[in-house]
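Numbered from 1 within each chain, the chains take letters A, B, ... in sequence-line order. Here the structure is a predicted model, which means the values were calculated and not measured.
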2 protein chains.
Amino acid sequence: MESKSAVNMLSALGHEGRLAIFRLLVKAGPQGVAAGDVARALDVLPNSLSANLSILAHAGLVTSRREGRSIIYSADYGAMSGLLGFLMEDCCDGAPEICSPLNAVLARVEACGPACAPKSPA
Amino acid sequence: MESKSAVNMLSALGHEGRLAIFRLLVKAGPQGVAAGDVARALDVLPNSLSANLSILAHAGLVTSRREGRSIIYSADYGAMSGLLGFLMEDCCDGAPEICSPLNAVLARVEACGPACAPKSPA
DNA sequence: TCCATATTTCCATTATTCTCGAAATATGAG
DNA sequence: CTCATATTTCGAGAATAATGGAAATATGGA
């Protein structure tokens, strides 16, 4: 991950509304949530939501797909994993055995994408 | 962790200069780095650095202590761990066994603080 | 006390981001 | 084709943040 990507992701998440959107999508899992449902769940104006989803998408944190009239957004676990890894990269240089187990987990978070299909079996 | 703390941390890190500072401190480990050394390493004006360190400190991401004429800054691994945990909280609701190993790692990242004493035994 | 080093505070300018109303686009149903 | 739903785009004003020069504060040494 490049520094610039990380900055984009972090500043995208550094906003109360967008962080709430992202956490809702993380919680929802890879099946995603329609934009309208996000707007209702968080009680925000549709145009604000759209702008914020667009910022998250441009930062690479969420992906979208159209489904009928709705557009479904989902968290990108791979990007998330990359960001967390970037933040802790070379953590405690000289004592990597303490911080590097991160890698194992990040791989699993990444795998979370295709792997975890919650409640509704779709 | 409250949402507001997380937003503060994320927006603090959502800035190229501050992210570079933070990563340098993460890499340096709990022993920390003097403000002047950070400024030299990253080639930034001392007043900019001071402002940015202040933002990081206010967000809870770094701590400082005076040592002679210098002020030593270090990354706060506990805060970092809290932030990462907050971001992935309830990840993939319904399939927590996939994402929750994060917790184990976050505990270790947190422990990184007192535990890892790199190269110079101080 | 006087000086050099280290860091912070103050200030003004510039640049960016946020917010929200209104209009536009896209899809599917009748 | 017309209509209702879902989402995005456009635009302007308000708010917030970034930048860098200059001065102020703090510490330690001679």
Side-chain angles (χ1 to χ4, degrees), chain A residues 3-25 28 31-76, chain B residues 3-25 28 31-76:
Chain A
S3 175
K4 195 148 190 176
S5 300
V7 168
N8 284 339
M9 290 188 190
L10 290 164
S11 68
L13 293 173
H15 175 282
E16 186 145 31
R18 286 192 295 268
L19 181 57
I21 295 168
F22 182 74
R23 296 223 313 151
L24 184 142
L25 294 179
Q31 71 192 17
V33 180
D37 291 340
V38 175
R40 272 182 291 280
L42 300 178
D43 191 30
V44 293
L45 295 173
N47 59 351
S48 297
L49 178 74
S50 178
N52 284 328
L53 280 171
S54 163
I55 288 169
L56 289 170
H58 189 257
L61 287 163
V62 306
T63 58
S64 62
R65 64 182 194 276
R66 180 176 282 277
E67 206 162 279
R69 262 175 284 198
S70 296
I71 297 190
I72 312 288
Y73 284 87
S74 359
D76 184 326
Chain B
S3 174
K4 193 147 190 176
S5 300
V7 169
N8 284 340
M9 289 187 191
L10 290 163
S11 68
L13 293 174
H15 175 282
E16 186 144 30
R18 286 192 295 268
L19 182 57
I21 294 168
F22 181 74
R23 297 221 314 152
L24 185 144
L25 294 179
Q31 71 192 18
V33 180
D37 291 339
V38 175
R40 271 181 291 280
L42 301 178
D43 190 30
V44 293
L45 295 174
N47 57 351
S48 297
L49 178 75
S50 178
N52 285 327
L53 281 170
S54 162
I55 288 170
L56 289 169
H58 189 258
L61 287 163
V62 307
T63 57
S64 62
R65 65 182 195 275
R66 180 176 281 278
E67 205 161 281
R69 263 175 283 199
S70 297
I71 298 191
I72 312 289
Y73 284 86
S74 0
D76 184 325

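- Look at CZ on A/Arg69: it is 5 Å from C1' on C/dG28, rounded to the nearest Å.
- Taking CG of B/Leu19 as the start and CE of A/Met9 as the end, the distance is 11.5 Å to the nearest 0.5 Å.
- Ion pairing between a basic and an acidic side chain is recognised when a charged N comes within 4.0 Å of a carboxylate O; B/Glu67 and B/Arg65 show such pairing.
- Between the P atom of D/dT8 and the CG atom of A/Leu49 lies a distance of 7 Å, rounded to the nearest Å.
- We find that CG of B/Asn47 is positioned 12 Å from C1' of D/dA18, with the value rounded to whole Å.
- In this structure, A/Ser54 does not reach the D/dT8 phosphate: none of its side-chain N or O atoms is under 4.0 Å from OP1 or OP2.
- Across all strands, A/Arg40 comes closer than 4.0 Å to no nucleic acid atom at all (heavy-atom distances).
- Atom CD in B/Glu67 sits about 14 Å away from atom P in D/dT27, given to the nearest Å.
- Nearest to the side-chain atoms of A/Arg18 among the listed nucleotides C/dC18, C/dT7, D/dA6 stands C/dC18.
- Across all their heavy atoms, A/Val7 and B/His15 have their closest contact at CG1-N, 3.9 Å.
- Ranking C/dC18, C/dG21, D/dA4 by closeness to the A/Ile55 side chain, first place goes to C/dC18.
- Where A/Asn52 and B/Ala51 each meet DNA chain C at their nearest nucleotide, the meeting point lying more 5' is that of B/Ala51.
- With B/Ile21 as the fixed residue, the side chain to side chain contact (heavy atoms under 4.5 Å, CB included) test singles out one of B/Asn52, B/Ile55, B/Leu61: B/Asn52.
- One interatomic measurement links the two molecules: NE2 of A/His58 to P of D/dT8, which rounds to 15 Å at whole-angstrom precision.
- Residue A/Arg66 has its side chain nearest to C/dT27 when only D/dT19, D/dT7, C/dT27 are considered.
- Summarising the geometry, the separation between CZ on B/Arg65 and P on C/dA6 is reported as 17 Å, rounded to the nearest angstrom.
- If you measure from atom CG of A/Asn8 to atom C1' of C/dT16, you get 14 Å, rounded to the nearest angstrom.
- For the pair A/Tyr73 and D/dA6, the criterion of a side-chain N or O lying under 4.0 Å from OP1 or OP2 is not met.
- Base engagement by B/Ser50 is indicated by at least one non-hydrogen atom pair under 4.0 Å involving a base atom.
- Annotation for A/Glu16 and B/Ser3: closest pair OE2-OG, 3.9 Å, computed over non-hydrogen atoms.
- At the phosphate of D/dT19, OP1 or OP2 sits under 4.0 Å from a side-chain N or O atom of B/His15.
- Rounded to whole Å, the distance from CD1 on A/Ile71 to C1' on D/dT8 is 8 Å.
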